[in-house]
Amino acid sequence: MLLAFDLDKTLVTDDYTMPDHTAEAIIAARRAGHHVTVLTGRPLASAREFLHRLAIDRPHAVNHGSTILAADGSLLVRRHLPPAEVAAIIDAYLDDVELEFSCVVGDRVYVRDPEHERWTHVHAQGRSVQPYSRGLSLDADKLVFHANGRHPEIEAALVASHPHLVRYAWADDWFEIVPTGGDKGSALEHIAAILEVAREDVVAFGDGLNDVSMLQWAGRAVAVGDVHPDALAAADEHVRSPEEGGVAAWLEENAL
């Protein structure tokens, strides 16, 4: 089997830790002969500690599915938002100082004010935080709006101007935009092909809106914890949250 895992709220708890029981079960599944991969909305810099802890040695994806990396961390596929689209989307809100944004390009993040306290965690990850200004030519892995309750407005504008782009609106009022084909389902299909694993032998685990495409593509789909309704609808079964050891229990019953 190919076991494909989301990170946050699937393997990683609400306080951003991975329980020992979960990590041990995943490592045991790999030792039992299963392929193990991770597909996360996080950029590589913030996913790296969990990739290392799980000793991921198969292709994996970050920035949702827009960046696919080989087992050794080298780049296999990078889908990006072209500079003209990045400029058109951000510049429409550049004078709207109540609306914060970030433009993610590898380990660099372009924002309105790099010194604002909201970017402290990005600095702490060793990532470069740069000021965004009109005229920059950036091919982005993703765009993130810190929407302050305005994500329906932003999404409606984006559907009208760029209907082909993938978008995710989060309950905590973040709104993310990724390239066409930059979703987890497309990335999982690509990874399974590299590993020569048939679709029916792929099991995907996730909880969020950005996990729906990979849950739909996988031969078997497992929703985890407090799951988004669309992810639950795409799943074949539902297990408990990472705090309650849901994934570890599933692996012990089905993969070890």
Side-chain angles (χ1 to χ4, degrees), residues 1-42 44 46-62 64-65 68-73 184-185 187-256:
M1 283 191 296
L2 168 58
L3 304 170
F5 300 100
D6 168 51
L7 284 180
D8 292 297
K9 300 188 178 182
T10 297
L11 303 183
V12 176
T13 63
D14 283 340
D15 64 357
Y16 306 111
T17 61
M18 183 182 294
D20 291 343
H21 189 195
T22 298
E24 290 163 1
I26 292 171
I27 291 169
R30 189 178 66 251
R31 289 174 178 162
H34 302 296
H35 298 288
V36 173
T37 189
V38 164
L39 299 96
T40 177
R42 290 175 176 236
L44 179 59
S46 62
R48 190 175 282 118
E49 65 172 299
F50 299 113
L51 297 171
H52 287 172
R53 184 168 182 199
L54 295 174
I56 296 300
D57 59 356
R58 297 292 187 271
H60 47 280
V62 296
H64 304 291
I68 304 175
L69 303 168
D72 64 1
K184 292 188 182 185
L188 181 56
E189 182 177 7
H190 190 89
I191 290 168
I194 292 172
L195 297 174
E196 299 183 337
V197 176
R199 183 175 184 176
E200 59 266 26
D201 294 324
V202 177
V203 186
F205 300 78
D207 73 287
L209 185 61
N210 62 335
D211 298 317
V212 170
S213 61
M214 78 168 181
L215 294 171
Q216 291 175 330
W217 188 85
R220 186 172 179 179
V222 183
V224 181
D226 185 14
V227 64
H228 189 282
D230 290 357
L232 183 61
D236 301 301
E237 54 196 298
H238 184 203
V239 300
R240 293 173 297 173
S241 69
E243 286 85 350
E244 299 172 295
V247 168
W250 189 98
L251 291 173
E252 289 165 357
E253 182 177 346
N254 295 278
L256 302 182

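For the residue pair Val224 and Ser241, the shortest heavy atom distance occurs at CG1-CA, 4.2 Å. In this structure, Ala249 and Arg240 approach most closely via the heavy-atom pair CB-NH2, 4.3 Å. When all heavy atoms are compared, the tightest approach of Ile194 to Pro59 is CG2-CG, 4.1 Å. Across all non-hydrogen atoms, the minimal contact from Ala61 to Ala187 is CB-CB, 4.0 Å. Closest non-hydrogen pair, Glu243 versus Asp14, comes out as OE2-N, 2.8 Å. Leu188 and Ala218 get closest at one heavy-atom pair: CD2-CB, 4.3 Å.
Residues Leu69 and Leu44 form a side-chain contact, since some pair of their non-hydrogen atoms from C-beta on lies under 4.5 Å apart. The shortest distance between side-chain heavy atoms of Val36 and Arg31 does not fall below 4.5 Å. No side-chain heavy atom of Pro242 sits under 4.5 Å from any side-chain heavy atom of Val247. Looking at Tyr16 and Asp8, their side chains come closer than 4.5 Å, going by heavy atoms from C-beta outward. Between Phe50 and Leu11, the closest side-chain pair of non-hydrogen atoms is not below 4.5 Å.
For the pair Gln216 (side chain) and Gly185 (backbone), a donor-acceptor distance under 3.5 Å is absent. Of the possible donor and acceptor atoms, one in the side chain of Asp236 sits under 3.5 Å from a partner among the backbone N and O of Ala221. Between the side chain of His34 and the main chain of Ala255, a donor-acceptor pair closer than 3.5 Å is present. Side-chain N or O atoms of Arg58 include none that pairs as donor or acceptor with a backbone N or O of Leu2 at under 3.5 Å. Side-chain atoms of His35 do not come within 3.5 Å of backbone N or O of Met1 as any donor-acceptor pair.
Residues satisfying the side-chain contact (heavy atoms from CB on, under 4.5 Å) test with Asp201, not counting sequence neighbours, are Val197, Ala198.
Separation of atoms CG (Leu3) and CZ (Arg30) is listed at 11.0 Å; rounding is to 0.5 Å. The CG atom of Leu39 sits 11.5 Å away from the NE2 atom of His64 when rounded to the nearest 0.5 Å. In this structure, the separation between CD on Glu237 and CH2 on Trp250 is 6.5 Å, given to the nearest 0.5 Å. Rounding to the nearest 0.5 Å places CD of Glu252 at 9.5 Å from CD of Glu24. The CE atom of Met214 sits 9.5 Å away from the OG1 atom of Thr37 when rounded to the nearest 0.5 Å. Here Asp230 contributes atom CG and Asn210 contributes atom CG; the two are 11.5 Å apart, rounded to the nearest 0.5 Å.
A salt bridge does not link Asp226 to Lys9: none of the charged nitrogens lies less than 4.0 Å from a carboxylate oxygen.
Applying the salt bridge (charged side-chain N to carboxylate O under 4.0 Å, His left out) rule to pairs touching residues 188-198 yields nothing, sequence neighbours excluded.
Of the options Thr22, Asp211, Asp207, a side-chain hydrogen bond (donor to acceptor under 3.5 Å, both in side chains) to Thr10 is made by Asp207 and by none of the others.
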